[in-house]
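Structure, as structure tokens:
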Amino acid sequence: MKSAYDILLERGFIAQATHEDEIKELLAKEKVTFYIGFDPTADSLTAGHFLTIMAMAHMQRAGHKPIALIGGGTVKIGDPSGKTDMRKMLTDEQIEANAERFKKQLGRLIDFSDDKAIMINNADWLLKLNYVDFLREIGVHFSVNRMLTADCYKSRMEKGLTFLEFNYMLLQSYDFLELYKRYGCTLQMGGNDQWSNILGGVELIRRKESQPSFGLTFNLLTTSEGKKMGKTEQGAVWLDPEKTTPYEFYQYWRNIEDAKVEECLGLLTFLPMDEVKRLGALQDAEINKAKEVLAFEITKIIHGDEEAKKAEEATKALFGGGGSNANVPHSDYNISDFENGKDLIELMQETGLIPSRSEGRRLIQQGGVRLNDVQEKDFGKSITLADFTDNELLIKKGKKVYHLIKLV
RNA sequence: GGAGGGGUUCCCGAGUGGCCAAAGGGGGCAGACUGUAAAUCUGUUGUCUACGACUUCGAAGGUUCGAAUCCUUCUCCCUCCA
């Protein structure tokens with residue numbers, strides 16, 4: 001049987017490891033307790049977190065025990081790694097609310113029943129630390145000189161780095177030590193941007209406990225241009241269906257660039273690797289089939305089978321190939337709303353297709369709006385019942401954004 | 001604490017009295033080409049009751065016929081010195 005390490009390697013997760021051979025051996029013969037941290041900076045996890053959660057799931061399936069560490073304490077500091085600016089400060093209430101939502105979302109992907117996994121918040125120990133004691137016990141083991149050479153601080157050396165943020169590494173390292181002592185956690189994993197922070201913890205455990213511990217990082221999802229993936233023009237791709245609907249979520253992955261299809265299939269689905277390779281090898285227009293599979297599988301993992309099917313159905317209806325309109329993004333209106341005509345731009349604004357009337361005008365003038373697939377060039381257009389077909393009016397914005405108006 | 005330099009539209013960054021709703025780039029949106037891809041080209045990118053009006057250049061006052069530009073106070077940031 002393949003070890004968890006082999007699986008992660010094969011699927012393309014592994015970026016760096018502190019002790020490759022030892023970790024490989026350890027994961028092959030022992031049940032390992034490992035942890036990944038999530039700072040509750042927003043009220044939902046994002047597609048970026050999804051990658052690490054998948055790694056966690058693979059590990060759990062291979063028999064290891066995950067600890068999902070909610071960073072209720074560390075979030076108050078803010079990780080400067082890879083950030084060009086300091087983060088906004090969050091209030092205690094926000095942090096708590098965010099942490100609650102993280103818990104729910106993680107619970108969907110990781111099995112926390114029967115002590116198969118642990119979820120814990122580092123606020124439990126970080127918030128009661130005594131400053132002087134902490135400096136004497138932990139701070140003494142860190143060299144400022146070495147910290148400053150860390151890659152993750154480089155960009156901040158020009159823009160400025162506060163002492164607050166500079167301490168982030170110490171706190172994360174302390175977390176690892178704490179989890180090591182509490183649960184015998186010997187492995188920390190995370191995105192590759194966490195490398196320095198993870199190393200800090202490994203070294204701290206070696207110095208304080210004279211014991212080995214390990215770190216492993218994952219490749220981050222980036223576009224072929226090297227930008228972070230999981231972001232759209234509207235912001236991040238969220239795992240919360242209220243922030244990013246399953247349909248939008250599906251569409252995001254359906255529109256992934258060709259070069260990333262195989263990588264994403266490996267990282268973000270549970271499909272067997274030979275299937276991943278087969279799909280990834282498809283060429284030209286054929287690769288769209290692979291993208292359909294990718295979008296469906298990922299949506300299924302996050303939102304469940306039913307929502308994935310709905311998203312797929314809606315996509316078929318909109319982009320050709322039949323299917324019913326039932327699951328297309330839509331708004332319900334009364335017949336009376338259109339009896340005297342309703343301004344098209346106003347309607348588009350109400351459905352969220354456009355943020356302002358000016359935007360609507362531009363869009364229409366540039367030929368970016370279609371009503372039931374007929375281009376509309378008149379920005380003063382008033383929609384009446386005559387514009388509906390079978391009580392439905394499909395508004396298309398650009399090539400990919402649809403909204404259905406239903407009369408009820 | 002002292003000296004100096006700054007805060008401009010989503011971001012970076014020009015602009016030192018009217019020609020400024022503000023150059024240029026990035027990003028976004030739309031059009032063309034396509035495969036719901038990438039790349040490329042074109043247009044566009046404050047708001048509105050739209051050939052005009054209104055609100056924007058850290059904040060509040062002031063000078064002026066007229067201010068992003070000048071003055072005053074405040075505030076935040078950066079650099080050098082201590």
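The chains referred to below are lettered A, B, ... by the order of the sequence lines, with proteins before strands, and numbering in each begins at 1.
If you measure from atom CG of L353(A) to atom P of rG28(B), you get 19 Å, rounded to the nearest angstrom.
Side chain to side chain, Q172(A) and D175(A) fail the donor-acceptor criterion of an N or O pair below 3.5 Å. Between T162(A) and E165(A), the side chains place a donor N or O and an acceptor N or O closer than 3.5 Å (distance only, hydrogens not considered). A donor atom on one side chain and an acceptor atom on the other are not found under 3.5 Å apart for S336(A) and N334(A). Q251(A) and T315(A) share a donor-acceptor pair across their side chains, judged by distance under 3.5 Å alone. A donor-acceptor pair shorter than 3.5 Å can be found between the side chains of H403(A) and S331(A).
Sorted by residue number, the members of residues 290-312 of chain A with any non-hydrogen atom under 4.0 Å from RNA chain B read K291(A).
Taking the C1' atom of each, rC19(B) and rG66(B) are spaced 14 Å apart, rounded to whole Å. Between rG17(B) and rC70(B), the distance separating the two C1' atoms is 8 Å to the nearest Å.
Looking at Q366(A), its side chain has no donor and acceptor atom pair within 3.5 Å of the base of rG31(B). A donor and an acceptor atom never sit less than 3.5 Å apart when one is taken from the side chain of Q365(A) and the other from the base of rU44(B).
The 5' end of RNA chain B is approached more closely, in terms of each residue's nearest nucleotide, by V401(A) than by the other of P355(A) and V401(A).
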